[in-house]
**Student:** 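Sharing a structure here in structure tokens format.
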Amino acid sequence: MDEEAKRMEEGLKSPLNDDGNKDELKKQETIKTSNGGSIIEHDKSVQPIAEQEQPLVKQKTKRVATLDAFRGLTIVLMILVDDAGGAYPRIDHSPWNGCTLADFVMPFFLFIVGVAIALALKRIPKIKDAVKKIILRTLKLLFWGIILQGGYSHAPDDLEYGVNMKFIRWCGILQRIALVYCVVALIETFTTKLRPTTLASGYLSIFTAYRWQWFGGFVAFLIYMITTFTLYVPDWSFVDHFNGDEPKRYTVICGMRGHLGPACNAVGHVDRQACTFSSPRDGPFRDDAPTILSGTIGIHYGHVLIHFKGHSERLKQWVSMGFVLLIIAIILHFTDAIPLNKQLYSFSYVCFTAGAAGIVFSGFYILIDVWGLRTPFLFLEWIGMNAMLVFVMAAEGIFAAFVNGWYYEDPRNSLVHWIKKHVFVNVWHSERVGTILYVIFAEITFWGVVAGVLHKFGIYWKL
């Protein structure tokens, strides 16, 4: 998904000269002779030897496959919980406090985006070029996010398109990733000259070298905490258009600060003020607005990957960081100080999901890059290499919608519905079992194979 990150991982070096000729060096040499003092000038080919300056050549190092595998895992989790979550509520989003499998998807996205930022921006030495790249990619993410998740697309079941601008969803997954990417990447770019080129000794040197990134994450966290616990939430009302024939208006009594319940929290209040539709469930902005801190933790893992070359050194940094975050989250949640809550994107939720991402990332690194067990995870790598394609076609249902557009007499009589009903549901005599098997084989496995074929031919969808 990120070409610059991939090049950084492969260790490609810049050529010495523009014409790329590195086989030999041409040198003009002047020699004085003793016969009449004449001077003869001629060209002499000089082969580079150990005593002379060595030209830089392309050096290809082993690729860190964990990056693609982790990205692929995140896409797979999204497809699984979105399409099978209705049949298995336990993997769907938690109604309020708590954390389920679906609640890990968004933080995992933000985590791997942060890792990729650290690698990609190392390949762009000029700040001006890096800023252009960041802004362009942010706009691309926003564009596709609004098209796919703003309400314009009704894929895969509804064969129509278009959205009432009153109800457009401005902050879908891609839009929130775009915001985090833009902020974290700009901080990384503008602080390039403020950090040392080499790390000092000590475990905390990686943190002090990138202190401005942590400062940016802390400022975002501080703004969120102040808003959550100090903003006054007044009484508010909404109209129920969904139950009964006639709309009914209800009033919610609040008049408080620092409440973390579903009705009177500050996050919901800000959401309602930003929306044009007064409802506790709908509107253009989501309550789980992105946090810069998740991206900051991810970029830290990328910095470790860059500066530490040994497996043990990297794992020491990653695993310790992951467990510290998990411990903080567990203490905050079980002491009822700050409960795990995706809807509020609470601090404990950020720590818990980022810590889990760090542990999973470290586990993948041990299995794939240290032990060399790459084959069992190849389908995740292939999906991760073409993450945007699989996200659009599978997770957003664009391919299924295209197939559903060719039906016989009734929209439910399409190939997709026939396969799901007759190949999976009817065979197992269970809607739940048939649904999850359909998702695993007809969606995840199918797109894993497609991504593998595209990888074979070097075809990728990049932003």
Side-chain angles (χ1 to χ4, degrees), residues 5 9 64-78 80-81 90-91 93-94 98-119 180 184 203-204 206-207 210 213-214 217 221 291 293-308 310-334 338-342 345-374 376-377 380-381 383-384 387:
E9 298 152 23
V64 181
T66 298
L67 293 164
D68 292 319
F70 187 91
R71 191 183 294 114
L73 173 68
T74 306
I75 296 291
V76 167
L77 287 179
M78 170 176 279
L80 180 65
V81 300
R90 290 196 175 188
I91 68 172
H93 291 292
S94 176
C99 193
T100 64
L101 186 62
D103 296 325
F104 287 98
V105 174
M106 184 62 191
F108 275 31
F109 265 121
L110 298 178
F111 174 87
I112 199 61
V113 165
V115 177
I117 288 173
L119 299 173
V180 173
V184 175
Y203 177 82
L204 298 178
I206 188 73
F207 294 93
Y210 291 93
Q213 282 79 350
W214 288 107
F221 160 73
T291 172
L293 193 56
S294 293
T296 302
I297 296 170
I299 204 172
H300 170 74
Y301 276 68
H303 292 152
V304 171
L305 187 61
I306 292 172
H307 289 284
F308 297 92
H311 296 320
S312 60
E313 294 175 317
R314 290 172 174 175
L315 289 169
K316 178 182 176 181
Q317 293 279 341
W318 290 340
V319 174
S320 60
M321 180 78 169
F323 277 114
V324 167
L325 290 171
L326 288 176
I327 292 171
I328 292 174
I330 292 172
I331 292 174
L332 290 175
H333 178 75
F334 286 101
I338 303 177
L340 295 173
N341 191 298
K342 181 184 184 293
Y345 223 96
S346 63
F347 178 63
S348 58
Y349 170 75
V350 173
C351 291
F352 187 76
T353 53
I359 297 299
V360 173
F361 187 85
S362 302
F364 270 21
Y365 184 79
I366 294 172
L367 293 172
I368 300 173
D369 291 295
V370 179
W371 292 352
L373 301 177
R374 193 169 179 176
F377 303 95
L380 291 179
E381 285 189 51
I383 293 175

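Treat the numbers as computed from the prediction; the structure is a model and nothing was measured. Residues take their numbers from the sequence shown, with the count starting at 1.
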**Student:** Less than 4.5 Å apart, any side-chain heavy atom of Met321 and any of Phe207?
**Tutor:** yes
**Student:** Specify the closest pair of heavy atoms between Ala329 and Leu340, including all atoms of both residues, with the distance to one decimal.
**Tutor:** CB-CD2, 4.4 Å
**Student:** Classify the ring geometry of Trp318 against Tyr365: parallel below 30°, tilted from 30° to 60°, perpendicular beyond 60°.
**Tutor:** perpendicular
**Student:** Taking the six-membered ring for Trp and the full ring for Phe, Tyr or His, determine whether the centres of Phe111 and His300 are under 6.0 Å apart.
**Tutor:** no
**Student:** Ala69 and Ile368: which non-hydrogen atoms are nearest, and at how many Å?
**Tutor:** CB-CD1, 3.6 Å
**Student:** One pair to check against side-chain contact (heavy atoms from CB on, under 4.5 Å): Leu101 and Leu80. What are the steps and the verdict?
**Tutor:** CA-CA 10 Å; Leu101 186 62; Leu80 180 65; 4.1 Å; yes
**Student:** Within the structure provided, determine whether Val115 and Ile299 are in side-chain contact (heavy-atom separation under 4.5 Å).
**Tutor:** no
**Student:** Applying side-chain contact (heavy atoms from CB on, under 4.5 Å), run through Ser320 and Tyr203 and close with a yes or a no.
**Tutor:** CA-CA 11 Å; Ser320 60; Tyr203 177 82; 2.5 Å; yes
**Student:** Under a 4.0 Å threshold between the charged nitrogen and the carboxylate oxygen, would Glu381 count as salt-bridged to Arg374?
**Tutor:** yes
**Student:** Mind checking whether Phe104 and Phe352 have parallel, tilted or perpendicular rings, split at 30° and 60°?
**Tutor:** tilted
**Student:** Quick one: list whatever passes ring-ring contact (aromatic ring centres under 6.0 Å, His included) with His333, sequence neighbours left out.
**Tutor:** none
**Student:** Check whether any side-chain heavy atom of Leu293 lies under 4.5 Å from a side-chain heavy atom of Val350, and answer yes or no.
**Tutor:** yes
**Student:** Indicate the atoms forming the closest heavy-atom contact of Ala387 with Arg71, along with that distance.
**Tutor:** CB-CD, 3.6 Å
**Student:** What's the verdict on side-chain hydrogen bond (donor to acceptor under 3.5 Å, both in side chains) for Tyr301 and Ser362, showing C-alpha distance, side-chain angles and the deciding distance?
**Tutor:** CA-CA 10 Å; Tyr301 276 68; Ser362 302; 5.3 Å; no
**Student:** Side chains of Phe70 and Phe108: closer than 4.5 Å at any heavy-atom pair?
**Tutor:** yes
**Student:** Are any of the side-chain heavy atoms of Leu119 and Ile306 separated by less than 4.5 Å?
**Tutor:** yes
**Student:** Contact between Phe308 and Ile206 at the side-chain level, heavy atoms closer than 4.5 Å - yes or no?
**Tutor:** yes
**Student:** Going by ring-ring contact (aromatic ring centres under 6.0 Å, His included), name the residues that satisfy it together with Phe364, two or more places apart in sequence or in a different chain.
**Tutor:** Phe377
**Student:** Kindly indicate whether the side chain of Pro339, heavy atoms from C-beta on, has any atom under 4.5 Å from the side chain of Phe334.
**Tutor:** no
**Student:** Which pair of heavy atoms, one from Thr100 and one from His93, lies closest together, and at what distance?
**Tutor:** OG1-CA, 3.6 Å
**Student:** Asp369 and Thr66: side-chain hydrogen bond (donor to acceptor under 3.5 Å, both in side chains), yes or no, with the steps?
**Tutor:** CA-CA 7 Å; Asp369 291 295; Thr66 298; 2.4 Å; yes
**Student:** Walk me through whether Ile359 and Leu326 qualify under side-chain contact (heavy atoms from CB on, under 4.5 Å).
**Tutor:** CA-CA 10 Å; Ile359 297 299; Leu326 288 176; 4.1 Å; yes
**Student:** Apply side chain to side chain contact (heavy atoms under 4.5 Å, CB included) to Ile327 and list each qualifying residue two or more places apart in sequence or on a separate chain.
**Tutor:** Ile331
**Student:** Closest heavy-atom contact between Thr74 and Val105?
**Tutor:** CG2-O, 3.7 Å
**Student:** Of the non-hydrogen atoms in Ser348 and Leu332, which two are nearest, and what is the gap between them?
**Tutor:** CB-CB, 3.9 Å
**Student:** With side chains defined as the heavy atoms from C-beta onward, is the minimum distance between Trp214 and Ile297 less than 4.5 Å?
**Tutor:** yes
